[in-house]
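Beneath this line is the structure, given in structure tokens, with notes to follow.
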Amino acid sequence: MRRLSGIAIERLKGVGEKRGELFRRLGVETAWDLLRFYPRDYQDWSQTFPIDEAPRDQLCVVRAKVISAPSMTRVKGGKLLFRLAVTDGDTDLHLTFFNNRYIDRLLLPGKTYLFRGKLGFSAGKYSMTMPEFAAEEKAHGITPVYSSTQGLSSRQIGAAVASALGLMPEAPEDPLPQALREEYQLCHLGYALKNVHFPRSQEDLDIARRRLVFQEFLVLQLGLTMIKSGRREQNLHRIPERYPEDFAALLPFRLTGAQQRAIAQGVKDMAGNSPMNRLIQGDVGSGKTAVAAALCWVTAKAGWQAALMAPTEILAGQHYQSLEGILGPAGLRCALLTGGVSAGEHKRIHQGLAAGEIDLVIGTHALISQKVAFRDLALVITDEQHRFGVNQRVALAQKGASPHLLVMSATPIPRTLALMAYGDLDISVLDELPPGRRPVETYLIGPDKRERAFRYIQKHLDQGRQGYIVCPLIENDESGMMSVNEYAQLVRRALPAGKIGVLHGKMKPGEKESIMKSFAEGQIQLLVATTVVEVGVDVPNAAIMMIENAERYGLSQLHQLRGRIGRGEHQSTCILVSDYNSPESLRRLNLFKSTNDGFAIADADLKFRGPGDFFGQRQHGLPQLKIADMFGDMGLLKEAQRCARRVFRRGALETKEYGALRQEIQELFSKTGDMVAL
Ligand code: ADP
Ligand code: MG
């Protein structure tokens, strides 16, 4: 393939300077790039139907002979309308084309063509509007559709690909060694490239695609594994413990089995040869904080410091309260550092950290500030890390000498994807909720039922419960949606007896804090808020939540929101308000209604919205995939991951056989900014 990557795109037959420029705009610079510019779709001409047996109202192909020359009419707006009739011998079909003034030269009476379009049937007549067509002898089974650009059509790209394929040697060098191809039943690269562009049948296309997708996943996974192993530094903070038996006595509850396992894994990491690099994944309410507390505990006992960074002040405040509540009585010196604390307090904490007089500091990104220095930072924890960029995590870690890293995430993503998205971390899953939780009941209503919902909420408030109403916008915008404050007015009118508070992201930190405090203490019964409540807020007496414009959120985000209730002993209710303007929103919301299982919801979100949502900030570190689809090709992703593990364990990557594959990995990762630690 080295030879093809030496051929500039302009030099290909039929391309030239001008078109070459357009190809370059698509990211295609050489003949080799072009072979890897895979079709975005295919048109299948291989299956044709008799007209009266073809499926109605969906794309299909019929073979028919032109029986009348096109008739032309001029319609409103000067458009040209052509009509003509074709027949398959038994049934006639009426075709309509707009504005194609060459149609009478392209479709000749007496000649047979394949027509591809949606078949309509009414008043005893079959019809097709603007079908694609090709002369019978020219319509090949399956034809590629490329992402085209202005001035460069899919057809022209296809022609260029064909000439590039002509230059490819019969058996080009294959980066996948033969033994591996045989083991995983993958075709040769040459065959794959030919058939991914011009397959003779669906089967050939599947074989070709399978091989290319597999290789793409394999290269990505091997690259991530190499980065991970390359980062293994010396563990400078080796804790002496096997398991912190004394920790359990500090808690007001018994740890779940999942929590104990996660703690054991973390402690084992911290006692190992290299620092811990671990992700704890657990659904909302699974008790991640206690796991973090255990690891802070062993860190402080060993005489070092720990820092926990949370994405919002509210959350940092709550973490501070619960961690200080658990660890304070045992003698740990804890501090809260956020933008909201006074200058004097800042100074005191800075000094305490530098002198080693504070064992555990909890805060927002204020922790990354230059002024913050530690005496010996050994453990860095980030909560809800999808809100942080990788860089922020790194910035905090750099305040210590190779500290242990713990990342807590409440976004349950399927393990296979986690391996990809967090390729450089080990993973613990908290797959068990603390006992006694009752699943939240969820209802979906239209805006016309809002009044009734308010009465329902009032009833719960009367019984001593608290609740949230989530509305999406802070400012009035053109969409006509209400601002939080306007909305709160409406709520106050509807619930005149209720004590109502308002919370949104644009409030001053101090204001937010005091509102949250009143809510936690029960002075506020109902909190009208934007999604600031999404992350981690914990008020066990809150048992009701109403979410306005529910269709605007991803399912995982809704799940996070709903996780704010159902945290205490009371049966909790979540009401989604939506005029679900599309069948798809209705499907999504109904699915959400039917389950409380975060992983099932994550799966569904992935199906509806694709993996982008999960990777968030992290995705920018991952190379772009050319052909593989993380969700659609999940089965292959798993196989490739198994294969990557084996290749890596055997040390095969170092061998000559794998030289070409190693080069692929290097090429892929050299294009992605901050992960180039190969
Ligand atoms: P999350 O994983 O969402 O961060 P938290 O750590 O905030 O969950 O825990 C949620 C609630 O459950 C807290 O009120 C916490 O005190 C409680 N909790 C945690 N672990 C247990 C347990 N093993 N048994 C009973 N309650 C627990
Ligand atoms: Mg939490």
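Start at 1 and go down the list; that is how both ligands and their atoms are numbered.
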Closest heavy-atom pair, Gly467 versus Leu461, reported as atoms and distance to 0.1 Å, is N-CD2, 4.3 Å
Where ligand 1 meets Leu255 - atom numbers and elements under 4.0 angstrom, heavy-atom basis: 23 (N)
If we set the cut-off at 4.0 Å for heavy atoms, which region of Arg254 has an atom near ligand 1: side chain, backbone, both, or neither? backbone
Regarding Glu441 and Tyr443, do their side chains bring together a donor and an acceptor under 3.5 Å, going by distance alone? yes
Which atoms from ligand 1 have a heavy atom of Pro434 less than 4.0 Å away? 20 (N), 21 (C), 22 (C), 24 (N), 25 (C), 26 (N), 27 (C)
So for Gly285, does at least one of its heavy atoms come nearer than 4.0 angstrom to any atom of ligand 1? yes
Within 6.0 angstrom of Arg492 CZ, more than 12 heavy atoms from elsewhere: yes
Does ligand 1 have a heavy atom under 4.0 Å from the side chain of Leu430, from its backbone, from both, or from neither? neither
Please identify which atoms of ligand 1 are closer than 4.0 Å to at least one heavy atom of Arg567. 3 (O), 7 (O), 10 (C)
Is the shortest N/O to N/O distance between Phe253 and ligand 1 below 3.5 Å? no
Residues Arg261 and Ser428: side-chain donor-acceptor under 3.5 angstrom: no
Nearest option to atom 7 (O) of ligand 1, as decided by whichever heavy atom of Thr289, Asp283, Ile280 sits closest: Thr289
Sequence neighbours left out, what passes ring pair (Phe, Tyr, Trp, His ring centres under 6.0 Å) with Tyr456? Give chain and number order. His460
Between Gly287 and ligand 1, does any nitrogen or oxygen pair lie at a separation below 3.5 Å? yes
Numbered in order shown, the ligand 1 atoms found under 4.0 Å of a heavy atom of Thr256 are 23 (N)
Name all pairs fulfilling the salt bridge (Lys or Arg N to Asp or Glu O under 4.0 Å) condition that reach into residues 516-530, sequence neighbours left out, sorted by first residue then second. Lys517-Glu521
Numbered in order shown, the ligand 1 atoms found under 4.0 Å of a heavy atom of Ser286 are 2 (O), 8 (O)
Without hydrogens or angle criteria, can the side chains of Asp269 and Gln265 be said to hold a donor-acceptor pair below 3.5 Å? no
